[in-house]
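To start, the structure itself, in structure tokens.
Quick caveat: nothing in here was measured; it's all calculated off a predicted structure. First the proteins, then the strands, lettered A, B, ... as listed; each starts at 1.
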Amino acid sequence: NAGVTQTPKFQVLKTGQSMTLQCAQDMNHEYMSWYRQDPGMGLRLIHYSVGAGITDQGEVPNGYNVSRSTTEDFPLRLLSAAPSQTSVYFCASSRGQRSYNEQFFGPGTRLTVL
Amino acid sequence: KQEVTQIPAALSVPEGENLVLNCSFTDSAIYNLQWFRQDPGKGLTSLLLIQSSQREQTSGRLNASLDKSSGRSTLYIAASQPGDSATYLCAVDRGGSNYKLTFGKGTLLTVNP
């Protein structure tokens, strides 16, 4: 199994540009989520999905959109990038059963917005 | 609002030393607590997950304990090695109708040869 994969690994955008961060998992996990990691702030939840067709907001959802059309994929879209969105983005997945929800993380995407 | 604090923020120890990392959380109503390791420029790797009904979990040289009533968890690393150098994060499942993790800011561990 490849686990959780993310593309691209690095990205530089100009303010106002849009892009999609890709995330895929091959473990048939129901739950997927997106976090951003900033120095001194820790990891913060952006959006999450408990299954195909179901998404919800996390702590810091503004400026980001998600959709979940398949179990495997959970892309994160930046509609109009801002310098405040410069961060490292991590995608994670886990099985649906709550008490055993070990999280598996992807390697991250480092995004810089100029 | 759940808040997770990790102390110390950084720790440097000589190889072979036993050490303890601390994690505290403000809301004791949690489903589980998870410890992660993060190497520089990498993603997070799950080390141990403790369910709310458990007191501790062990994996090799790692032992994690959980005291829900006091809002504390510790990660004990025995006989530390230079390869243990990394940032260690704890995260709690805050409970409620949806599954969400709240992370601490981590402890940067350096094990010196």
**Message:** Taking B/L62 as the starting point, is it possible to reach A/F104 by hopping between hydrophobic residues whose side chains are less than 4.5 Å apart?
**Reply:** no
**Prompt:** Under the ring-ring contact (aromatic ring centres under 6.0 Å, His included) test, which residues partner B/F103, sequence neighbours left out?
**Reply:** A/Y35, B/F36
**Asked** Checking side chain to side chain contact (heavy atoms under 4.5 Å, CB included) for the pair A/L45/B/T102: CA distance, chi angles, key distance, verdict?
**Response** CA-CA 8 Å; A/L45 182 65; B/T102 300; over 6 Å; no
**Prompt:** Short question: side chain of B/K105, backbone of A/G42 - any donor-acceptor pair under 3.5 Å?
**Reply:** no
**Request:** Report whether B/V111 and B/L108 are members of the same hydrophobic cluster (ILVMFWY, side-chain heavy atoms less than 4.5 Å apart, transitive linking).
**Result:** no
**Point-to-point distance, once rounded to the nearest 0.5 Å, from CG of B/N32 to CD of A/E102** = 10.5 Å
**Residue-level interface, residues 105-114 of chain A with chain B, non-hydrogen cut-off under 4.5 Å** = A/F105, A/G106, A/P107, A/R110
**Item:** Same apolar cluster: A/L43 and A/L76, side chain cutoff 4.5 Å
**Value:** no
**Complete:** Nearest heavy-atom contact between A/F90 and B/Q38 is CZ-NE2, 3.4 Å
**Asked** Quick check: are there more than 12 heavy atoms from other residues, nucleotides or ligands sitting under 6.0 Å from CE of A/M41?
**Response** no
**Asked** Do A/I46 and A/M19 sit in the same hydrophobic cluster, where Ile, Leu, Val, Met, Phe, Trp and Tyr count as joined when their side-chain heavy atoms come under 4.5 Å apart?
**Response** yes
**Item:** B/K1 NZ to A/E59 CD distance, which is reported to the nearest 0.5 Å
**Value:** 6.0 Å
**Prompt:** Shared ILVMFWY cluster between B/Y76 and B/W35, side chains joined below 4.5 angstrom?
**Reply:** no
**Request:** Can you tell which part of B/L89 gets under 4.5 Å to a heavy atom of chain A, answering side chain, backbone, both or neither?
**Result:** side chain
**Message:** Rounded at 0.5 Å granularity, tell me how far CG in B/L101 sits from OG in A/S94.
**Reply:** 8.0 Å
**Asked** Does CZ belonging to A/R44 count more than 12 external heavy atoms closer than 6.0 Å?
**Response** yes
**Request:** For A/R77, look at atom CZ and say whether over 12 heavy atoms of other residues, nucleotides or ligands are found less than 6.0 Å away.
**Result:** yes
**Message:** Distance check, rounded to the nearest 0.5 Å: A/Q37 atom CD versus B/T87 atom OG1?
**Reply:** 8.0 Å
